[in-house]
Trainee: 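One structure coming up, written as structure tokens, with questions to follow.
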Amino acid sequence: MQLVFDYLKRNQARFVAELCDYLRLPSVSAQPQHKQDLCACADWLAAHCRQIGLDARVCPTRGHPIVVAKTPRTQSKRKPRFMVYGHYDVQPPEPMDLWQTPPFEPRIAGRSIFARGSTDNKGQHFAHLKAVEAYLKTNTPLPCDLTFVIEGEEEVGSANLARFLKSHRNELKCDAVVVSDTGMPDADHPALTYALRGIIAFEITLHGPARDLHSGIFGGAVDNPAMALSQLLAKLRDANGRVAIPGFYDDVAPLSSYERKQFKRLPITNRELQQLIGVKNLFGERGFSPMEQRSARPTFEINGLTSGYQGAGSKTIVPAWARAKITCRLVPDQRPLRIRQVVCDYLKKICPPTVRLEIEAGHGAEAYLVSPTSPRAQAALRALQEAFHREPVLLREGGSIPIVNDFKKILGADSLLLGLGLPDDNAHSPNEKFDLDCFEKGQCMSALLWQELSSPAVHRA
Ligand code: BES
Ligand code: MN
């Protein structure tokens with residue numbers, strides 16, 4: 001193993017340069033104008049995988065392609081087999097003017113590398129690729145077979161990956177999936193995440209007049225869709241921060257007192273959180289701590305709100321329509337379809353007759369919860385401890401990785417969520433960054449992880 005660690009140490013500068021190449025590709029999955037860039041990014045990644053000694057191919061889907069890359073399979077007896085999952089697609093970089101340097105021109109400052117997709121998720125799965133490169137290039141035998149599955153649609157709901165898992169079930173069968181696409185509380189606390197929230201997305205449109213109207217000539221005698229939408233949305237949350245939709249909380253599993261105690265032990269204060277976010281005061285559902293609110297309680301969130309004139313100066317109109325982009329975060333045991341139903345039913349019930357309501361429901365996924373005490377989870381904790389030289393913590397996190405539910409349902413495999421992101425990495429925000437120490441320690445963690453997970457005590461347990 002010393003050869004592996006020496007190789008990693010010696011090659012950091014090149015790894016960072018390669019990560020910069022990867023980050024230059026603008027793989028924004030949500031925006032149709034980037035379709036070719038996603039293909040180019042998948043091609044780059046597959047070529048890179050081949051260069052480090054993996055068997056790699058690009059698999060087309062109805063959407064963006066999936067990259068599958070495997071360690072060379074030896075004929076010897078069946079080894080444990082693990083999948084490493086990641087995503088090469090990134091969130092839209094907008095608003096552009098808030099970036100200190102352009103999102104797809106990586107910039108290194110101190111121990112940070114700034115670019116869209118750096119922490120979410122290119123830098124994180126690249127750490128795993130570099131660990132495997134170290135094994136392969138030093139001829140150090142891997143104790144397991146690895147298959148990398150790096151998709152291009154995570155940020156838009158992974159619509160095509162489940163089908164791919166089904167049609168390649170035998171090829172992708174594995175003992176567990178390893179995912180580095182979550183976070184850690186700070187650089188001194190590596191983390192194993194044992195729960196994620198689920199999600200359900202909507203677009204709500206209120207249609208008013210057949211076209212934008214002169215607000216002086218007609219305003220006052222016709223409902224304003226922007227106002228109607230504001231009033232509608234305002235009814236959906238009460239003063240205590242609870243979602244005011246009947247049935248919304250029906251299936252929410254209560255937090256155990258053990259979990260509530262664990263939340264209190266996390267090394268982040270409310271004040272630090274408030275400063276990190278940049279608000280005067282935190283706000284959330286009464287009766288729960290901010291850490292609980294942001295990871296273990298469901299939400300109804302407006303992600304975008306559009307209506308009327310958005311250009312310079314003023315324009316006196318009654319807009320023809322108003323639209324809100326919404327996502328709800330879900331927790332165990334809420335079901336996405338049931339939440340979709342209660343939301344739609346309630347909106348229909350309270351929508352005034354002066355506008356026409358249109359609801360388009362988007363992607364959905366259940367929350368994820370896995371035991372943090374299983375032998376594999378314990379093995380992962382040992383790898384984290386050894387790589388970071390710090391005691392790891394157990395986290396519930398508020399983000400969603402919809403596909404982990406399908407890994408369980410389709411492949412029967414649990415996911416080990418070993419995030420390398422920091423709270424100030426600005427994922428989904430301007431000036432996204434990835435910490436180069438997390439990158440390097442993440443490589444060591446990955447190298448150690450394959451030993452820990454493949455040890456007979458863990459593998460046979
Ligand atoms: N890496 C995140 C998910 C994440 C972030 C989990 C932080 C835990 C902590 C992932 O790339 C992501 O952003 N997922 C989307 C999924 C959605 C588009 C279906 C999300 O959570 O918004
Ligand atoms: Mn993301």
Side-chain angles (χ1 to χ4, degrees), residues 27-31 63-64 84-93 103 115-127 150-162 177-186 189-203 266 268 273 276-277 291 294-296 298-304 325-331 336 339-340 361-370 393-406 415-430 432-434 438 442:
S27 45
V28 185
S29 51
Q31 299 175 340
H64 306 305
V84 179
Y85 164 79
H87 62 94
Y88 68 82
D89 66 320
V90 306
Q91 285 272 321
R116 171 56 89 226
S118 52
T119 190
D120 189 5
N121 168 256
K122 289 173 174 172
Q124 295 205 43
H125 63 256
F126 209 61
I150 314 290
E151 69 153 321
E153 300 188 300
E154 196 275 345
E155 300 290 7
V156 289
S158 301
N160 293 292
L161 184 53
V177 182
V178 170
V179 185
S180 290
D181 193 22
T182 50
M184 44 202 268
D186 61 47
H189 291 85
L192 171 75
T193 293
Y194 68 94
L196 293 169
R197 285 193 290 192
I199 194 166
I200 175 86
F202 306 91
E203 264 188 39
L266 292 175
I268 178 162
L273 182 63
L276 174 72
I277 302 172
M291 292 307 276
R294 74 205 246 316
S295 57
T299 62
F300 181 99
E301 214 76 70
I302 304 172
N303 306 131
K325 288 181 186 276
I326 306 284
T327 47
C328 295
R329 295 286 165 172
L330 310 178
V331 300
I339 294 302
R340 182 165 113 182
H363 54 82
E366 285 160 32
Y368 186 70
L369 189 67
V370 69
V393 294
L394 298 177
L395 286 188
R396 273 187 83 143
E397 286 200 278
S400 309
I401 307 178
I403 202 68
V404 293
N405 292 300
D406 297 302
S415 293
L416 288 165
L417 304 166
L418 302 167
L420 303 173
L422 293 175
D424 64 353
D425 272 354
N426 294 321
H428 295 206
S429 294
E432 179 177 349
K433 70 158 175 72
F434 186 45
C438 293

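All ligand and atom numbering here is 1-based and tracks the order in the structure.
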Trainee: Can you name the one residue among Arg116, His87, Lys122, Glu155 that meets side chain to side chain donor-acceptor pair (under 3.5 Å) with Ser27?
Mentor: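 Only one of Arg116, His87, Lys122, Glu155 forms a side chain to side chain donor-acceptor pair (under 3.5 Å) with Ser27, namely Lys122.
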Trainee: Would you mind checking which non-hydrogen protein atom is closest to atom 18 (C) of ligand 1, with the distance to 0.1 Å?
Mentor: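 For atom 18 (C) of ligand 1, the nearest protein heavy atom is Glu155 O, 3.4 Å.
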Trainee: To the nearest 0.1 Å, how far is atom 17 (C) of ligand 1 from its closest protein heavy atom, and which atom is that?
Mentor: Ile199 CD1, 4.0 Å
Trainee: Under a heavy-atom criterion of less than 4.0 Å, does Asp120 contact ligand 1?
Mentor: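 It does; at least one heavy atom falls under 4.0 Å.
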Trainee: Is the shortest side-chain heavy-atom distance between Ile268 and Asp186 below 4.5 Å?
Mentor: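 Sidechains of Asp186 and Ile268: no contact.
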Trainee: Could you tell me if the side chain of Leu420 sits less than 4.5 Å from the side chain of Phe434, heavy atoms only?
Mentor: yes
Trainee: Have a look at the Mn ion (ligand 2) and estimate, to 10 degrees, the angle subtended by OD2 (Asp120) and OE1 (Glu155).
Mentor: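 It is 150°, given to the nearest 10°.
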Trainee: Asp181 versus ligand 1: do any nitrogen or oxygen atoms come within less than 3.5 Å of each other?
Mentor: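 By distance alone, the answer is yes.
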Trainee: Decide yes or no on side chain to side chain contact (heavy atoms under 4.5 Å, CB included) for Met184 and Leu395, but give the supporting numbers first.
Mentor: CA-CA 8 Å; Met184 44 202 268; Leu395 286 188; 5.6 Å; no
Trainee: As an exercise, identify every atom of ligand 1 less than 4.0 angstrom from a heavy atom of Gly399.
Mentor: 4 (C), 6 (C), 8 (C), 21 (O)
Trainee: Please test His64 against Asp89 for side chain to side chain contact (heavy atoms under 4.5 Å, CB included), starting from the C-alpha separation and ending with a verdict.
Mentor: CA-CA 9 Å; His64 306 305; Asp89 66 320; 5.7 Å; no
Trainee: Does ligand 1 come near enough to Glu397 that some N or O of the ligand is less than 3.5 Å from an N or O of the residue?
Mentor: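 N/O-N/O distance under 3.5 Å: no.
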Trainee: Could you tell me whether Ser400 and ligand 1 have an N or O pair separated by under 3.5 Å?
Mentor: yes
Trainee: Please determine whether any non-hydrogen atom of His87 lies less than 4.0 Å from an atom of ligand 1.
Mentor: yes
Trainee: Would you please say whether a donor-acceptor pair under 3.5 Å links the side chains of Thr193 and Glu397?
Mentor: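 Looking only at side-chain atoms, Glu397 and Thr193 do form a donor-acceptor pair, the distance falling under 3.5 Å.
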Trainee: Answer yes or no for His428: is there an N/O/S atom below the 2.8 Å cut-off from the Mn ion (ligand 2)?
Mentor: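 A backbone or side-chain N, O or S atom of His428 is under 2.8 Å from the Mn ion (ligand 2).
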Trainee: So if I apply the side chain to side chain donor-acceptor pair (under 3.5 Å) rule between Thr119 and each of Asn426, Asp181, Asp425, which one comes out positive?
Mentor: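 Exactly one option meets the side chain to side chain donor-acceptor pair (under 3.5 Å) with Thr119, and it is Asp425.
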Trainee: Between His428 and ligand 1, is there a nitrogen or oxygen pair with a distance under 3.5 Å?
Mentor: yes
Trainee: List the steps, then state whether side chain to side chain contact (heavy atoms under 4.5 Å, CB included) holds for Glu301 with Cys328.
Mentor: CA-CA 6 Å; Glu301 214 76 70; Cys328 295; over 6 Å; no
Trainee: Go through ligand 1 atom by atom and flag the ones less than 4.0 Å from a non-hydrogen atom of Leu196.
Mentor: 6 (C), 8 (C)
Trainee: Does Leu417 reach the side chain of Tyr194, with side-chain heavy atoms less than 4.5 Å apart?
Mentor: no
Trainee: What residue and atom, counting heavy atoms only, is the protein's closest point to atom 10 (C) of ligand 1, and at what distance?
Mentor: Glu154 OE2, 3.2 Å
Trainee: What protein heavy atom sits nearest atom 19 (C) of ligand 1, and how far away is it?
Mentor: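 It is His363 CE1, 3.4 Å.
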Trainee: Give the C-alpha distance, both sets of side-chain angles, the deciding distance and a yes or no for side chain to side chain contact (heavy atoms under 4.5 Å, CB included) between Leu196 and Ser400.
Mentor: CA-CA 6 Å; Leu196 293 169; Ser400 309; 5.7 Å; no
Trainee: Which residue and non-hydrogen atom of the protein lie closest to atom 22 (O) of ligand 1, and at what distance in Å?
Mentor: Arg329 NH2, 2.7 Å
Trainee: Going by the atom numbers of ligand 1, which of them fall below 4.0 Å from some non-hydrogen atom of Pro402?
Mentor: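 The list of qualifying atoms is 19 (C).
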